[in-house]
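First the structure, in the form of structure tokens, and then the observations on it.
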Amino acid sequence: MKIAKPEKHGLDSSRLGAIDRLLKERYLDPGHFPHAQLLIARDGEVVHFSSQGAAREGKKKAIDESALFRIASMTKPITSLAFMILVEEAKVALDTPVHHVLPELKGVGVYDGGGAGVPFVTKPCAEPMRMVDLLRHTAGFTYSFQNRSNIDAAHRALKLENWHGDYDLDSFIAALGKLPLEFSPGTRWNYSVATDVLGLVVQRVSGMKLERFFAERIFAPLGMNDTFFTVPTDKLDRLVDCYTVIEGKGRQMFDRASESMWATPFKFVSGGGGLVSSAHDYNRFCQMCLGGGELDGARIVGRKTIELMTMNHLPGNADLSSMSTSLFSETQNAGTGFGLGFAVTIDVARSMMPGSVGEYYWGGMFSTAFFIDPVERLSMVFMTQLSPSMLYPIRRELKTMIYSALT
């Protein structure tokens, strides 16, 4: 990987080096993170890249630029981009009712009682669920880990989000269509399986399996050769271990790389969280976004499509502090709007972090994260493998320190 001089691009190299020391002293030495990788780019060039920590338990080999990470919900912007490719081809639109493509969701109602062994009672939606609701998480769906309603309890009972379970995308949507919505589409915001639903939309509208659409329409043109739902056999030795923190037990192995669940094709291909990637590959995705949908001569979408995706699409230009009902998501709420697959900064002061209006970003449950700042022409990709992602304030710390290095 070619690394440009930070000073050439208006960044202080000594301040960037301080970020690596923070990662080592605050997160790696105490054993909070197993490893950490940081890529910072400006003006289309990588200006800082660092890797620290062991790739696998009991092994001396450190992670390097070839390391592969489970990026979880950093899959969501890629699925959203895939949908927008189809919008550009006039095969579907943002205001298309979802049930026009997924008839299993026709007639789905809003929760009005029941659950916990009592049949659900529903009332009609005020407006139909539209594709834009899937992209901005205003569809009324939920996640099983929200632990806040009888509906997410039903998700857990049905094991709806088990990728190696009983459901493929078609049977998943059939089961989901039998459950109520948390709220009428467009009225609230809740982090949810909406992007998994969007993945099936992409599959049905395109007539291609989701994994094939990604590979042919996004990954191959961008040279993202290390991004996939299933890790190829000849690349498994590059996959790193993944951990979770369990209360009272501390850090525990979640997915051992040598016997990873990502080595076997998933029955349920998750557009909401199933991809494995590398920092280099995800940086190419970021640079395509900064390039207005084009990178190295490969155009994925048009410039105005990227502009549309990174605007705040919450009704009334609201932020998440006024619209979110979520107990958990990959963002803070104040000053944050939501675009078509990304959180979007709409008020820097309210966010209480340095940044720019129009900056967009997201993260994944294993503490991976990225942000893209089109004003400063700046982006970051951070990789590690530890859930839950909000256990430590690493994303806020990284963002603050990166912006402090601007000269």
Side-chain angles (χ1 to χ4, degrees), residues 72-73 75-76 79-80 98-99 102 104-163 165-167 169 171-201 268 270-274 313-315 318 320-333 336 338 341 343 362-365 387-390:
S73 287
T75 305
K76 288 179 169 69
T79 304
S80 302
V98 176
H99 72 266
L102 306 179
E104 296 94 332
L105 296 180
K106 186 175 183 179
V108 67
V110 179
Y111 179 82
D112 200 33
V118 178
F120 284 118
V121 178
T122 64
K123 56 187 177 183
C125 297
E127 295 286 340
M129 183 192 304
R130 304 185 189 278
M131 297 298 177
V132 67
D133 292 308
L134 300 178
L135 287 140
R136 67 187 181 183
H137 289 283
T138 57
F141 294 125
T142 190
Y143 262 132
S144 61
F145 56 73
Q146 292 287 2
N147 287 309
R148 54 173 295 280
S149 74
N150 286 337
I151 303 170
D152 61 58
H155 277 235
R156 292 190 295 278
L158 293 170
K159 299 181 180 179
L160 269 183
E161 296 151 41
N162 184 350
W163 300 343
D166 296 330
Y167 300 99
L169 281 175
S171 56
F172 161 76
I173 205 69
L176 189 66
K178 297 175 182 177
L179 300 179
L181 301 175
E182 297 264 358
F183 48 79
S184 193
T187 61
R188 306 294 294 170
W189 188 93
N190 191 45
Y191 192 41
S192 74
V193 298
T195 318
D196 288 307
V197 176
L198 189 69
L200 181 57
V201 170
F268 182 115
S270 173
H313 285 260
L314 296 182
L320 293 180
S321 65
S322 62
M323 283 203 70
S324 176
T325 63
S326 219
L327 288 186
F328 171 84
S329 73
E330 298 289 350
T331 179
Q332 91 294 332
N333 290 341
T336 302
F338 212 85
W362 203 240
M365 69 177 291
S387 69
S389 59
M390 303 305 284

Which atom of A343 lies closest to which atom of T331, heavy atoms considered: CB-OG1, 4.2 Å
Flag, side chain of R136 to backbone of F338, donor-acceptor distance under 3.5 Å: no
To the nearest 0.5 angstrom, please state how far the OH atom of Y167 sits from the NZ atom of K159. 10.0 Å
Around atom CG of N162, are there more than 12 heavy atoms of other residues, nucleotides or ligands at under 6.0 Å? yes
Heavy atoms of G114 and Y111 approach each other most closely as O-OH, 2.7 Å
Mind checking whether W163 and F172 have ring centres under 6.0 Å apart? no
For F145, give me all partners under ring-ring contact (aromatic ring centres under 6.0 Å, His included), at least two apart in sequence or on another chain. Y143, F328
Residue pair A175 / L160: nearest heavy atoms and the distance that separates them: CB-CD2, 3.7 Å
CA sep, side-chain torsions, deciding dist, call: E330, K76, salt bridge (charged side-chain N to carboxylate O under 4.0 Å, His left out): CA-CA 11 Å; E330 298 289 350; K76 288 179 169 69; over 6 Å; no
State the OG1-CG distance between T142 and L327, to the nearest 0.5 angstrom. 8.5 Å
Distance col, row F120:CZ vs N150:CG, nearest 0.5 angstrom, shows 6.0 Å
Tell me, do H137 and T195 make a side-chain contact under 4.5 Å, heavy atoms counted? yes
Shortest non-hydrogen separation from C125 to L181 and the atoms involved: SG-CD1, 3.7 Å
Can a side-chain donor-acceptor contact be found between T122 and D112 if the only test is distance below 3.5 angstrom? no
Are side-chain heavy atoms of L179 and H155 found at a separation under 4.5 Å? yes
side-chain hydrogen bond (donor to acceptor under 3.5 Å, both in side chains) partners for S387, two or more places apart: T244
Nearest 0.5 Å, what's the CG-CG distance between L105 and L200? 9.0 Å
Whether the side chain of T75 engages the backbone of A72 through a donor-acceptor N/O pair (distance < 3.5 Å, no angle test) should be reported. yes
Taking every non-hydrogen atom, the tightest pair across S171 and D166: OG-O, 4.1 Å
Test item: E127 and T187 side chains (from C-beta on) under 4.5 Å apart, heavy atoms: no
Supply the atom-to-atom distance S184 OG to D133 CG, rounded to the nearest 0.5 angstrom. 9.0 Å
Any donor-acceptor pair under 3.5 Å from R148 side chain to T325 backbone: yes
Heavy-atom closest pair, residues L169 and D196: CD2-O, 4.1 Å
Only residue of S329, S326, S73 satisfying side-chain hydrogen bond (donor to acceptor under 3.5 Å, both in side chains) with Y191 is S73
Interatomic distance, L198 atom CG to M131 atom CE [nearest 0.5 angstrom]: 7.5 Å
May I ask you to decide if D152's main-chain N or O and Q146's side chain share a donor-acceptor pair within less than 3.5 Å? no
Side-chain (N190) to main-chain (F141) donor-acceptor, under 3.5 angstrom: yes
